[in-house]
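Excluded from the calculations below are hydrogen atoms, water molecules and symmetry mates; all remaining heavy atoms, backbone and side chain alike, are included. First the proteins, then the strands, lettered A, B, ... as listed; each starts at 1.
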Number of protein chains: 4
Amino acid sequence: MINLAILGGTGYTALELIKILLRHPHAKIVAVTTRQQETPLVAQAHPSLTGRFDLRMEPFDPDRLVSRGVQCVFGCLPHGASMDAIPPLLDRGLRVIDLSADYRLRDPNVYAQWYGESHHDLVNLTQAVYGLPEIYGDDIAPAQLVANPGCYPQTAILGLAPLVAGKQIELHDIIVDSKSGVSGAGRTPKLTTHFPECNESVSAYNVGQHRHIPEMEQALSDIAGEPVHVVFTPQLVPMDRGIYSTIYATPRRSFTEGQLLELYRTYYANAPFVRVVDHLPATKDTSHTNFLDITVRVVRGKVVALVAEDNLVRGASGVAVQNFNRMFGFDERTGLL
Amino acid sequence: MINLAILGGTGYTALELIKILLRHPHAKIVAVTTRQQETPLVAQAHPSLTGRFDLRMEPFDPDRLVSRGVQCVFGCLPHGASMDAIPPLLDRGLRVIDLSADYRLRDPNVYAQWYGESHHDLVNLTQAVYGLPEIYGDDIAPAQLVANPGCYPQTAILGLAPLVAGKQIELHDIIVDSKSGVSGAGRTPKLTTHFPECNESVSAYNVGQHRHIPEMEQALSDIAGEPVHVVFTPQLVPMDRGIYSTIYATPRRSFTEGQLLELYRTYYANAPFVRVVDHLPATKDTSHTNFLDITVRVVRGKVVALVAEDNLVRGASGVAVQNFNRMFGFDERTGLL
Amino acid sequence: MINLAILGGTGYTALELIKILLRHPHAKIVAVTTRQQETPLVAQAHPSLTGRFDLRMEPFDPDRLVSRGVQCVFGCLPHGASMDAIPPLLDRGLRVIDLSADYRLRDPNVYAQWYGESHHDLVNLTQAVYGLPEIYGDDIAPAQLVANPGCYPQTAILGLAPLVAGKQIELHDIIVDSKSGVSGAGRTPKLTTHFPECNESVSAYNVGQHRHIPEMEQALSDIAGEPVHVVFTPQLVPMDRGIYSTIYATPRRSFTEGQLLELYRTYYANAPFVRVVDHLPATKDTSHTNFLDITVRVVRGKVVALVAEDNLVRGASGVAVQNFNRMFGFDERTGLL
Amino acid sequence: MINLAILGGTGYTALELIKILLRHPHAKIVAVTTRQQETPLVAQAHPSLTGRFDLRMEPFDPDRLVSRGVQCVFGCLPHGASMDAIPPLLDRGLRVIDLSADYRLRDPNVYAQWYGESHHDLVNLTQAVYGLPEIYGDDIAPAQLVANPGCYPQTAILGLAPLVAGKQIELHDIIVDSKSGVSGAGRTPKLTTHFPECNESVSAYNVGQHRHIPEMEQALSDIAGEPVHVVFTPQLVPMDRGIYSTIYATPRRSFTEGQLLELYRTYYANAPFVRVVDHLPATKDTSHTNFLDITVRVVRGKVVALVAEDNLVRGASGVAVQNFNRMFGFDERTGLL
């Protein structure tokens, strides 16, 4: 049994983590921290946990976590706050899975450019592993610090990986058109996520400027072995959870749909959470699961990949537990089926 | 053509008013005020008005409204703020339709008890007319100050009026169970109206403590000629607009459904916006209209009245225009069909 | 490990059962039947099961189920069809949990009156146990045939049980006002459940005539020891899952809210899936769980109980597994947390 | 006052037409036909019209329409049925606005290829005018038969027209990624539009095979003066109404966003229902209006046009009335603001 702590317990990813981990046979949450003054019961912040989880939130204190036997910490803090909290944990020998963006981009200049502030934990940044198991699986097992991937990037990277791996497509002519449920925007009330504003509406935001773009491009460039560029349009749709990414690419040679599906199936033969399906995916079929569903079509010479996931599970807390499983030597499906 | 001003232009009732009034053949909006520092174009606060309405918001200034020829003002301010803004308008001879709660309750002690602050415009309070046209129609035409009714109270009052008018039911054994779309909570983001919190959920709030209770009871007591008591439960449902009230009462004598429907049809024979229907109403059938749909059933000796309305139109801005029409001598349907 | 079969695999309750049972450590689904000509893979009828469950549907054949070692059968057939399929299973010694209404009403005349056809399995009807574990728990363990309770009745019965048990309320003056998500209407497309008809709308249906009424009254009368009558209004709200029941009763003596909450907590002290909470419940907090949340308020002398559940889990497939656990000697929470 | 008839009164486009036309000062609906045996009141098929519209549906009879003084007919029949019903109307000198697809595609071979049946009214096909007012406005005024445009095509054509008009983009490298509310699928219940299936989900359908593709390409090729090809992906999102199209194109020369916005504003200078906006559009801002909102962005060298409309108003019945206004010499905005 591994003792765990969760940093930043009031948001949706923390809630989702707790729900998953309560079912995990080898994990025990012993602390949930908060940066707020009040330290309510976790079940007061998340009434759905009433009667299931009786910890009280506590202020963040690295030594106290050590004294409680914590071996692994899940960081659910916002970017910026994460790179303050995590170094003292690493110093004390704890292993960390950080769900923020702070350790995802290897180049601190890219971080500064997209996040508008300098990275101030360069030492640990160099050692962080990008926690997308289907791509960086071998690096995750021994890592002390895993940067859990973003929700949108996973759909783009896994939707394109089989194509860019063999340079089957033009690497500078890729479009990722994504539609996300509203929980992706977090739990802080804003006008754009106020029910009567976003319900019964679809709208784009941060067109070409979303912070997940460099993350997509970093991983895709790793896979291709040369720079990959992506045009990315995120859109808000009126549902709680789910991301649907429709990806358009220009193949370098002619493919049939059968060949493409075969290419994808081969690529993901050992990936239990990527389902290459014949039918057109729907986000609902992945809802509350760690599965990411993909299919591929050929339309007028373009390759169209369609990818669905649950943004809170596969897109955040589920893949975090998948990483945890790999780091601690459990079957990666443990607690996730 | 009547020149109009709207006080407090950033919320949903102001938007709905503007949309209705843009179609009104005898009304012209010449000013929209805001209490905020910035004075954007109205169409910036409400992008749906782009290209349809080019006024800029302005600070509240009674003399300036007079100088612009304003004859009637619609108040869309929160309670408390309304009774600050409205006296200087009345002093200058303007007529006012106030959509806040400030002038709805005749007894200032009741106001203080439910709203937690003393009423500080007692002079005008005594002259205000409660603007429910189907009940107080004769008083509305000559009124200088009309207190536009609340959204929930209209369903309760009109759903019960034919029964309490003839004391056909026990006046202290009435239950009003209401379900409201989220726009009823206003436009200010809060956790309870954050999309991922209230979507895919039903929940009650302010059970037995909602501020609309004294408003319901005041009007129903007027109609009955003796005190009426109501048990009221408001509930939030995941939709933009609409209120559905299911009302349970104990008849003093035996009724058939046919008799009850006839009683209602007779009572509302001259009310063009109350539709007494045979089928069970649905809020969708009243959506974006000023209609309030009612039917009645008899179940195990209880009378069950089912009432549907659009909370923003019939429940607020539509009935405000209906009041405006009565005050200025237009057919009450003008601009509302 | 208990071998299980599911009859009628294409609907929502079957899907939900499969999802729950895939996590159950002591249960194995070995057959899923269908009454339709085609026998697709279960995962073709329910794409969310892709890669998780590879059985093919098969025609119903009792002997074949016996030969596969099936010990327990979950019936997900419509009423009427259930009482055709279940007798041959019972004859062969199998135990059955029937999710239809066919064995819920002890009196066949009441069945005929509400369901419009004669009951034609009177022998087994007399032996069926109504599977509401918190009320009939002792009878469930040894039962061969359990009639799984309806979704609405569970909220009414458990919401009222502590009050009627001690005859704390008038037994003929009870109102149950319920709001249900659309999955409660099943998976067969109809105009009333067509998205653009029921989305953004609330409407009542079958007022005072819903078939769940006699089921509520039978159980409540059992608890009270004398006849109980209920006025019941079901309403459709635009969400996938969840039932919210607001229950109004007239107490025979004066209670404080604290006394009532204490009464409920005592009554449900040993019921792990009933959560008596201080706050007002929300269906979302019970979503995808087997919990039923209750609180109680006192308003103008009436008792108001507010109850939330997930209609597919607690209201159908979850409580079915809870019954299964009791029948086969497992902790009743197994597979349900 | 022009007397009108509507063919096929039970669907959503007919309902929307009636609502719009009830506000039109120069139009009077004198007949609504149905192909079904029963001829209910229109308000029985559409309860929202209760008390507003008291016509009874009637069987289709061209001579009877003539005898009633009908001058213009709106066809709301499915494709295939339309080209049966319309010829006798044209023979009798009536003018027709057909909302089906039957007269949209000039080439009957293309029709046969995409609709799976031969076109059997070739005579009238040659005279039909494609009713997109912003593009074919001059031809609409004198037309006897107007083929009202499809919902998706309007977003694609108007979103691209300023670019293809001057051949500013590659004409064979265009992607149209569209998201539609569920009313676009019509009023006939199907599993894909059953609330619990499509709510809380996004999914693509008919990828690269949707029947609106040839319609888009025909109009865009007209504008460009040479063939244009489009990759089109339609997707269903959980809302009643609204289409959001995100369009990706490759410019032939370098543009700034300011230049593109200027290009669009100039192109649509005389189009009162096309709003070229600086902000990112949202479908909600066009809901229940005839406006189509567009903006343009430049991302990594691609042009991204974002287009929003209400699929039932602008996408069908609103533009039909806009065509009607042009055909009968009214200001094209009449009844639509």
Side-chain angles (χ1 to χ4, degrees), chain A residues 172-181 192 196-209 213 229-248 250 257 279-287 293 295-304 306 308, chain D residues 172-181 192 196-209 213 229-248 250 257 279-287 293 295-304 306 308:
Chain A
H172 295 247
D173 188 18
I174 296 171
I175 288 161
V176 178
D177 188 283
S178 296
K179 302 90 187 171
S180 175
T192 48
E197 299 286 316
C198 61
N199 186 45
E200 290 292 299
S201 196
V202 173
S203 59
Y205 65 102
N206 291 352
V207 176
Q209 301 172 339
I213 294 171
H229 282 171
V230 167
V231 171
F232 174 57
T233 307
Q235 282 142 121
L236 209 59
V237 297
M239 59 185 189
D240 277 356
R241 49 171 81 201
I243 287 180
Y244 202 78
S245 291
T246 311
I247 302 172
Y248 303 89
T250 306
E257 281 177 10
H279 60 269
L280 294 167
T283 60
K284 190 161 224 166
D285 290 331
T286 65
S287 198
D293 289 358
T295 199
V296 206
R297 295 289 182 273
V298 177
V299 180
R300 288 190 178 281
K302 288 273 182 189
V303 174
V304 184
L306 301 114
Chain D
H172 296 247
D173 189 18
I174 296 171
I175 288 160
V176 178
D177 188 283
S178 295
K179 303 89 188 170
S180 175
T192 47
E197 299 285 317
C198 61
N199 186 44
E200 289 293 296
S201 196
V202 174
S203 60
Y205 66 101
N206 290 352
V207 176
Q209 301 173 338
I213 294 171
H229 282 171
V230 167
V231 171
F232 174 57
T233 305
Q235 283 141 120
L236 209 60
V237 297
M239 59 185 189
D240 277 356
R241 49 173 80 203
I243 286 180
Y244 202 78
S245 291
T246 311
I247 301 172
Y248 302 89
T250 306
E257 282 177 9
H279 62 269
L280 294 166
T283 60
K284 191 161 224 165
D285 290 332
T286 65
S287 199
D293 288 359
T295 200
V296 206
R297 294 289 183 275
V298 177
V299 180
R300 287 190 178 282
K302 289 273 182 189
V303 174
V304 184
L306 301 114

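- Of the listed residues (A:Ile175, A:Val304, A:Val237), the greatest number of heavy-atom pairs within a distance under 4.5 Å of chain D belongs to A:Ile175.
- Heavy-atom minimum distance, A:Lys284 versus D:Asn199: NZ-O, 2.7 Å.
- No other option in A:Thr250, A:Leu280, A:Leu306 has as many heavy-atom pairs under 4.5 Å with chain D as A:Leu280.
- Most heavy-atom pairs under 4.5 Å with chain D: of the set A:Ile243, A:Asp285, A:Val230, this distinction falls to A:Val230.
- For the pair D:Thr283 and A:Glu200, the tightest heavy-atom approach, listed with the atom from each and the gap, is OG1-O, 4.0 Å.
- Only the side chain of A:Ile213 comes within contact range of chain D, with at least one heavy atom under 4.5 Å from a heavy atom of that chain.
- For chain D, no part of A:Asp293 is nearby; none of its heavy atoms comes within less than 4.5 Å.
- Proximity to chain D (any heavy atom under 4.5 Å) is shown, for A:Val298, by neither the backbone nor the side chain.
- Contacts of A:Ala308 with chain D are absent, with no heavy-atom separation under 4.5 Å from either backbone or side chain.
- Your options are A:Arg297, A:Gln235, A:Lys302, and the one with the most heavy-atom pairs under 4.5 Å with chain D is A:Gln235.
- Ranked by heavy-atom pairs under 4.5 Å with chain D, the list A:Ser287, A:Gly242, A:Gly301, A:Pro238 is led by A:Pro238.
- Interface remark: A:Pro281 contributes backbone atoms only to the contact with chain D (heavy atom separation under 4.5 Å).
- A distance of 11.5 Å separates CD1 in A:Ile247 from OG1 in D:Thr233, rounded to the nearest 0.5 Å.
- To the nearest 0.5 Å, the span separating CZ on A:Arg300 from CG on D:Asp173 amounts to 12.5 Å.
- Between chain D and the options A:Ser201, A:Ser203, A:Ala282, heavy-atom pairs under 4.5 Å are most frequent for A:Ser201.
- Using a 4.5 Å cut-off between heavy atoms, D:Gln209 makes no contact with chain A at all.
- Contacts between D:Val202 and chain A at a heavy-atom distance below 4.5 Å involve backbone atoms as well as side-chain atoms.
- Here the side chains of D:Asp177 and A:Lys179 are in contact, with some heavy-atom distance below 4.5 Å.
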